[in-house]
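Report on one structure; see the data block that follows.
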There are 2 protein chains.
Amino acid sequence: MARAEHPSGRAATLSDVARIAGVSLATASKAINGRDQVAPATRRRVIEAAEQISFTPNELARSLIAGRTGTVGLLTNDLEGRFVIPILMGAEDAFGAGQVNVFLCDARGDAIREQHQLKALLNRRVDGIIVVGRQTDPRPSLGHDLPVPVVYAYAPSDDPTDVSVTPDNVAGGRMALEHLLACGRRRIAHISGDPAYAAAQDRAVGVREALADAGLELVGDVMFADWSEHWGRDASAMLLAQHPDIDGIVCASDQIARGVLDTLRDLGRRVPEDVAVIGYDNWEILATNSRPELTSIDANLQQLGRAAARRVFEAIDGIEGDAGTHALPVRLVIRGSTIPRR
Amino acid sequence: MARAEHPSGRAATLSDVARIAGVSLATASKAINGRDQVAPATRRRVIEAAEQISFTPNELARSLIAGRTGTVGLLTNDLEGRFVIPILMGAEDAFGAGQVNVFLCDARGDAIREQHQLKALLNRRVDGIIVVGRQTDPRPSLGHDLPVPVVYAYAPSDDPTDVSVTPDNVAGGRMALEHLLACGRRRIAHISGDPAYAAAQDRAVGVREALADAGLELVGDVMFADWSEHWGRDASAMLLAQHPDIDGIVCASDQIARGVLDTLRDLGRRVPEDVAVIGYDNWEILATNSRPELTSIDANLQQLGRAAARRVFEAIDGIEGDAGTHALPVRLVIRGSTIPRR
DNA sequence: GAAAGTTCCGAAATGCCTTTCGGCACGCTA
DNA sequence: TAGCGTGCCGAAAGGCATTTCGGAACTTTC
């Protein structure tokens with residue numbers, strides 16, 4: 001096994017360094033941490049000694065004194081899903097490599113397990129917690145009797161006095177529709193996902209609002225079912241049978257949009273010339289491999305993660321964050337399914 | 001902000017408990033940790049006191065004494081990719097919720113950053129480290145002068161004296177081909193991905209071996225380019241133009257297979273009746289949404305993660321693991337692209 | 001040359017918990 | 001009643017690093 005016992009048999013400690021350098025613990029500590037009250041020559045001696053035995057300060061002991069650990073817990077229920085990861089990356093990014101470390105816990109959707117994880121995190125004295133949900137539906141709050149700040153990301157807390165950050169799905173729906181309008185489309189339908197998801201409802205609201213603002217109406221009703229390609233194929237087939245004159249489709253996910261593209265192709269409709277299609281999520285692997293490539297709404301999840309991390313930071317530093325759910329802006333990524341490419 | 005200062009202003013400590021219960025620190029510790037040498041009545045009193053002020057032992061102090069922290073570092077370069085997550089889940093799973101916690105670090109492919117992360121992990125005195133690569137190509141070893149055991153997952157270490165676990169790509173290629181043979185196919189081609197990837201080469205080896213064992217030869221050469229749907233579409237178009245009589249295609253990824261299915265559909269070939277297609281990775285979102293659904297090879301990544309965790313465990317407990325790269329079995333997932341479904 | 005002021009270093013306390021070991025009190029045996 | 005064993009509790013050390021504060025050694029000033 002890749003394990004090399006140090007010569008001493010244990011990791012080097014500060015007193016080892018002090019002994020070798022011929023100074024006291026206190027002096028060694030000061031020298032290494034760059035505090036003054038240490039003569040340059042002494043400092044050099046200490047640092048050399050430290051390097052010699054490759055001393056690294058025990059972060060545990062440090063944390064014990066400092067009262068903060070420089071760790072943050074990330075509690076999720078949806079590692080499998082693709083939404084958590086970018087958020088996690090954003091958070092890790094914001095925390096800065098090496099400064100703060102993230103404890104990752106996946107509760108697998110089990111409330112008991114979540115409690116366990118939470119307790120473990122608190123025992124480890126994390127400085128803060130980010131809770132990442134699997135959908136944008138509100139989730140139960142962890143409560144307020146926790147000794148550390150908590151920020152909810154993606155899925156907001158159901159308690160309005162908690163701090164939550166979530167993507168702005170209404171704005172996303174609106175943005176998608178406005179793009180189709182800008183592309184000259186007027187007969188637009190909306191194929192959505194599972195109606196039980198707040199995300200589906202919110203995006204539909206945005207779509208409707210934008211249409212109303214333009215003095216238009218949706219062609220047919222919003223079509224709800226699930227988030228799959230299958231549904232995208234079926235829904236669009238039904239849609240075109242009923243409304244052959246349609247010229248734009250807003251899809252509530254890229255998967256749905258992929259299905260829609262398939263059907264349109266089968267039916268001989270050209271995209272985007274005959275029908276423009278826009279997806280949602282900007283899941284690159286899907287969006288950039290379709291024919292044509294898929295215009296989509298990107299929820300800026302990495303930025304969401306950064307925002308969550310920033311708020312945790314502020315709270316740790318004692319800055320009062322404003323409670324409530326903060327909807328973060330999304331962005332449009334234009335590809336060939338709405339605007340023809342050479 | 002969701003932060004409730006404890007009445008005392010700080011988290012409860014063991015001495016608080018002891019004071020309230022009217023016993024000494026030592027007794028309080030014993031009572032709470034279920035050690036004997038404590039009278040039942042005393043124990044009860046202590047536990048009540050602890051609950052009253054919601055005391056939770058400071059894991060930091062504990063770790064400091066125990067010499068082990070119950071934490072493991074997971075060092076990766078590929079959070080974006082889809083391979084790390086199942087491995088991570090498997091590892092988390094094996095470690096058991098609440099027993100061991102995982103520090104997640106993403107080095108973003110930057111060696112400097114990786115060094116930083118590594119150092120941070122060591123400072124935090126993790127008990128072990130799992131290194132997860134982005135491809136199955138060997139990666140540089142972290143070296144042997146580390147005070148904790150290291151296990152490499154997915155991407156093996158380039159140092160054969162390290163412990164590595166990786167999926168068995170040769171067996172996977174073989175398995176894919178044998179399945180096509182079992183389906184009665186004899187004129188089989190292989191569309192692979194980026195030839196620079198060990199995974200692509202290994203799978204091709206397996207395919208060739210299995211063909212040779214059956215006394216057959218590959219139709220055409222192995223086609224290498226990249227892992228995309230685009231390539232799958234283009235490659236299969238070329239293939240069918242040259243070898244119209246083909247009846248089976250092994251694809252080195254599900255993405256490629258999706259492209260192949262598209263082309264076959266466009267050309268009016270029925271799958272699986274005319275041509276059977278098998279993918280690789282068993283990426284459900286792709287495999288179960290295609291027409292027909294895609295038979296694929298699953299690398300059992302979650303199990304890989306568990307195996308890595310187990311080996312780290314063993315090493316922590318002082319059990320000598322056998323060094324070298326361990327290829328873990330993969331499995332076949334049969335769907336409609338090779339066997340007709342009603 | 002003595003008083004005052006700098007520099008630099010070290011002893012000790014601190015944070016929180018576990019564990020060892022000594023000792024007190026009680027009950028039992030001879 | 002003396003002696004011994006047993007059960008229960010507490011003082012103190014230990015793990016690692018930081019910080020405060022007192023003091024020794026040296027320099028400056030008059």
Side-chain angles (χ1 to χ4, degrees), chain A residues 6 8-47 49-50 53-71 120 122-127 147, chain B residues 6 8-47 49-50 53-71 120 122-127 147:
Chain A
H6 275 251
S8 60
R10 296 232 63 50
T13 85
L14 187 60
S15 45
D16 295 335
V17 176
R19 188 158 15 81
I20 294 180
V23 299
S24 75
L25 248 71
T27 306
S29 173
K30 288 180 216 157
I32 286 177
N33 294 322
R35 317 191 63 69
D36 49 5
Q37 304 226 321
V38 179
T42 311
R43 185 186 304 278
R44 211 171 327 113
R45 248 187 18 256
V46 171
I47 290 179
I53 60 176
S54 62
F55 163 81
T56 60
N58 187 326
E59 205 59 49
L60 266 54
R62 243 181 195 173
S63 303
L64 197 55
I65 297 168
R68 60 149 81 188
T69 54
T71 60
L122 293 179
N123 286 358
R124 292 200 189 281
R125 298 295 190 267
V126 293
D127 294 332
Chain B
H6 275 251
S8 60
R10 296 229 63 49
T13 84
L14 186 59
S15 45
D16 296 335
V17 176
R19 189 160 11 83
I20 293 180
V23 298
S24 75
L25 246 73
T27 307
S29 173
K30 288 180 215 158
I32 285 177
N33 294 323
R35 315 192 66 68
D36 49 4
Q37 304 223 323
V38 179
T42 311
R43 185 186 304 278
R44 211 170 328 113
R45 245 185 24 251
V46 171
I47 290 178
I53 59 175
S54 62
F55 163 80
T56 60
N58 187 327
E59 204 61 48
L60 265 54
R62 252 185 185 167
S63 303
L64 197 56
I65 297 166
R68 59 148 82 187
T69 54
T71 60
L122 293 178
N123 286 357
R124 293 201 188 282
R125 297 299 190 266
V126 293
D127 295 331

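Computed over heavy atoms, backbone and side chain alike; hydrogens, waters and symmetry mates excluded. Throughout, a chain's letter reflects where its sequence line sits, starting with A, and its residues are numbered from 1.
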> Looking only at heavy atoms, what is the nearest atom pair of A/Ile53 and A/Val17, with distance?
Replying inline: CD1-CG2, 3.8 Å
> Do you know which two heavy atoms are closest between A/Phe55 and A/Ile32, and how far apart they sit?
Replying inline: CE2-CD1, 3.8 Å
>> So, does B/Arg62 get its side chain near the phosphate of C/dT18, meaning an N or O under 4.0 Å from OP1 or OP2?
In response: yes
> Going 5' to 3' along nucleotides 7-12 of chain C, which nucleotides have protein heavy atoms under 4.0 Å from the base (write B), which only from the sugar-phosphate (write S), and which from neither (write -)?
Replying inline: -SBBB-
> Just how far, in rounded Å, is C1' of D/dC16 from CG of A/Asn58?
Replying inline: 6 Å
> Separation of B/Leu60 atom CG from C/dT18 atom P, in whole Å?
Replying inline: 13 Å
>> Measuring to OP1 and OP2 of C/dT18, would you say a side-chain N or O of B/Arg35 lies under 4.0 angstrom away?
In response: no
> For the pair made of CG in B/Asp36 and C1' in C/dT20, what is the distance, rounded to whole Å?
Replying inline: 14 Å
>> Nearest to the side chain of B/Ile65, heavy atoms from C-beta on, is which of D/dA17, D/dT18, C/dC17?
In response: C/dC17
> Say you draw a straight line from CZ of A/Arg124 to OG1 of A/Thr69; how long is it, rounded to the nearest 0.5 Å?
Replying inline: 10.5 Å
> A/Arg125 CZ to C/dG15 C1': how many Å, rounded?
Replying inline: 12 Å
> Is any side-chain nitrogen or oxygen of B/Asn33 closer than 4.0 Å to OP1 or OP2 of C/dT18?
Replying inline: yes
> Roughly how many Å is it from CZ in B/Arg19 to P in C/dC17, rounded to a whole number?
Replying inline: 12 Å
>> Let's go through A/Ile47 and A/Arg44 carefully: what are the C-alpha distance in whole Å and the side-chain angles of both, what is the deciding distance for side chain to side chain contact (heavy atoms under 4.5 Å, CB included) to 0.1 Å, and is it a yes or a no?
In response: CA-CA 5 Å; A/Ile47 290 179; A/Arg44 211 171 327 113; 5.9 Å; no
> Nearest-Å distance, CG (A/Leu64) to C1' (D/dT18)?
Replying inline: 11 Å
> Taking all atoms of both residues into account, what is the closest heavy-atom pair of B/Thr56 and A/Arg125, and its distance?
Replying inline: O-NH2, 3.1 Å
>> Applying side-chain contact (heavy atoms from CB on, under 4.5 Å), can you list everything that pairs with A/Leu25, at least two apart in sequence or on another chain?
In response: A/Ser15, A/Ala18
>> I need the CG-C1' distance between A/Leu14 and D/dT19, as an integer number of Å.
In response: 13 Å
> Taking CD1 from B/Ile32 and P from C/dT19, how many angstroms apart are they, rounded to a whole number?
Replying inline: 13 Å
>> Closer than 3.5 angstrom, by distance alone: can the side chain of A/Asn33 be matched with the main-chain N or O of A/Arg35 as a donor-acceptor pair?
In response: no
> Would you say B/Ser29 reaches C/dT18's phosphate, i.e. side-chain N/O to OP1/OP2 under 4.0 Å?
Replying inline: yes
